[in-house]
There are 2 protein chains.
Amino acid sequence: MKNTPLVRKLGTFVALSDVELSVIETLHKRRRTFVAGRDLVHQGQSDQAAYILASGWACSYKILPDGERQIIDFQIPGDFLGLRSVLLHMSDHSIEPITDIEVSEVMVGDLLDAFGKTPRLAMAVLWAASRDEAMVVEHLVDIGRRTAIERMAHFLLELGSRLALVGMGNKSGYQCPLTQYLMADALGLSAVHVNRVLRQLREEGMVSFRDGLVVFENYNKLVDFAGFDEAYLDHGGPLLA
Amino acid sequence: MKNTPLVRKLGTFVALSDVELSVIETLHKRRRTFVAGRDLVHQGQSDQAAYILASGWACSYKILPDGERQIIDFQIPGDFLGLRSVLLHMSDHSIEPITDIEVSEVMVGDLLDAFGKTPRLAMAVLWAASRDEAMVVEHLVDIGRRTAIERMAHFLLELGSRLALVGMGNKSGYQCPLTQYLMADALGLSAVHVNRVLRQLREEGMVSFRDGLVVFENYNKLVDFAGFDEAYLDHGGPLLA
DNA sequence: GCCTTAGACTGACTTCGATCAGTCCACCCT
DNA sequence: AGGGTGGACTGATCGAAGTCAGTCTAAGGC
């Protein structure tokens, strides 16, 4: 229990006591698995549970009336799925597993109880939500003000940092199950252009992405090129002692 | 006290008891005012306070290394300013008052205490944070997948709904102190293009924006055109009894 | 072995929105 | 009255990214 991706993540924010750890444990209810491609939260649906992702990758997205899709973010182990939907009692987005995934269900009621027992956990969850928001903000800046190549560079770096935090990657690279279509929908580009942009990054010797493997050929050059600052993801040590 | 914009907003989520109302009151510390144009939170700065906006408009934005600016969102009365910065112990963005503003300061410690006293308030704040995130997500979709005109239409509608919630606007229009430059930076467009797009919307008889006044000429047509669904902003009544 | 499908990849052409380079007007100053 | 400034507004030109229409390969079905 002490080393699930979630605990690892929350632990970077508040130093968690044994009591708090066991409260977290009570949150994990039923363990469930979902197969790749079948939505587990549907836009417009209400009153479903939230989940904590234990293994696999998922993505949250919105479909516009005209059928266009915008991927909001990808979720990796340790991330909440559908927390916002539960709080707003209505899902403004859908969530789809990209690979087969394992999750544990979290009930809103249990969350409320947990907050009552330990307000520090409330802060930790609020922190996790803030961090998610910071990532969305970063994507907003990406799409609003960065060129296609910078956007892709920034995106690959952010994923790398997030994966590193849960031990699934490092500065030399990581496994990545995303297709170019998925990246296009996340970055507000066409799949065709994603392909061109990946080629450019490869030709300029910064990153390559082939056969589900991202390899940082020149990490520093890439960070510099993308204007990447990981402060919003990790801050090196608990903030609340 | 019972009718500040903040209470009105949180009240749409949880039905607040008198005890909770008074706990909220203890959060409001020093009352302060800031003049238009001078940043009150600065990107990169750490450990400052959060604020609740009492009157006036502000905007949160990020400056990229290359000097480009992306406005993340505009804040209107009842909104938190810099809550995320306090939680992450580091501001990933700046906040600038657009008009002269009045705020009340909130201390993190007080927030933690308040959560201890009433977990329902923790839920309410978490809800407010989720709603902010939902708005950022909507902007992301805007910029990623909508054309410039749809984006503008959606933006003006969203602002209208938010203002209506705090009694500062309705379906026929509202006062709006934003310049075309500010809107450009928020929508990921150039100021020149903002101007053209506003002209088109005016010529097609949907909205006009002149002399600081937004007038919905044909609300339904505009909603339809923008694909606007306000579910993420307001859900008609408290969700937590 | 053949057919289908998913995904990576490419060239040719088009378009949306940026950029450049202004004008015009209202509202300060002094 | 003249000068300065901020914001709204416009036409001309340009370029980044989209769209269209494909090819190629690997994997899976039967």
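Each chain gets a letter, A, B and so on, in the order the sequences are listed, and its residues count up from 1.
Taking five base pairs at each end of the helix from C:dG1-D:dC30 to C:dT30-D:dA1 and finding the rotation axis that steps the C1' atoms of four pairs onto the next four gives two axes whose angle is 40°, to the nearest 10°.
Of the inter-residue distances, the one linking A:I72 atom CD1 with A:D92 atom CG reads 6.5 Å to the nearest 0.5 angstrom.
Sorted by first and then second residue, the pairs that involve residues 146-172 of chain A and meet ring pair (Phe, Tyr, Trp, His ring centres under 6.0 Å), not counting sequence neighbours, are A:F74-A:F155, A:H154-A:F228.
Contact annotation: the side chain of A:I63 never approaches that of A:Q70 to less than 4.5 Å [non-hydrogen atoms, C-beta and beyond]. Using a 4.5 Å heavy-atom threshold, the side chains of B:H139 and B:E158 count as touching. With a 4.5 Å cut-off on side-chain heavy atoms, A:V141 and A:R151 do not count as touching. Considering only heavy atoms from C-beta on, A:V41 stays 4.5 Å or farther from A:L81 through its side chain.
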Between protein and nucleotides 8-21 of chain C, map the contacts as a letter string: B base, S sugar-phosphate only, - none, heavy atoms under 4.0 Å, written 5' to 3'.
SBBBB----BBBB-
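Annotation: side-chain contact (heavy atoms from CB on, under 4.5 Å) contacts of B:R210 (sequence neighbours excluded): B:R202.
Side-chain contact of A:S91 with A:Q45: a donor-acceptor pair under 3.5 Å is absent, judged by distance alone.
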Contacts under 3.5 angstrom, residues 214-226 of chain A side chains, donor-acceptor by atom type, not counting sequence neighbours:
residue : atom : partner : partner atom : Å
A:E217  : OE2  : A:S208  : OG           : 3.2
A:N218  : OD1  : A:K221  : N            : 3.1
A:K221  : NZ   : A:E204  : O            : 2.9

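A nucleotide of DNA chain D counts as in contact with chain B when one of its atoms lies under 4.0 Å from a heavy atom; the first and last such, 5' to 3', are D:dG7 to D:dA12.
Evaluated for a side chain to side chain donor-acceptor pair (under 3.5 Å) with B:H93, the options B:Q43, B:H42, B:R84 yield exactly one hit, B:R84.
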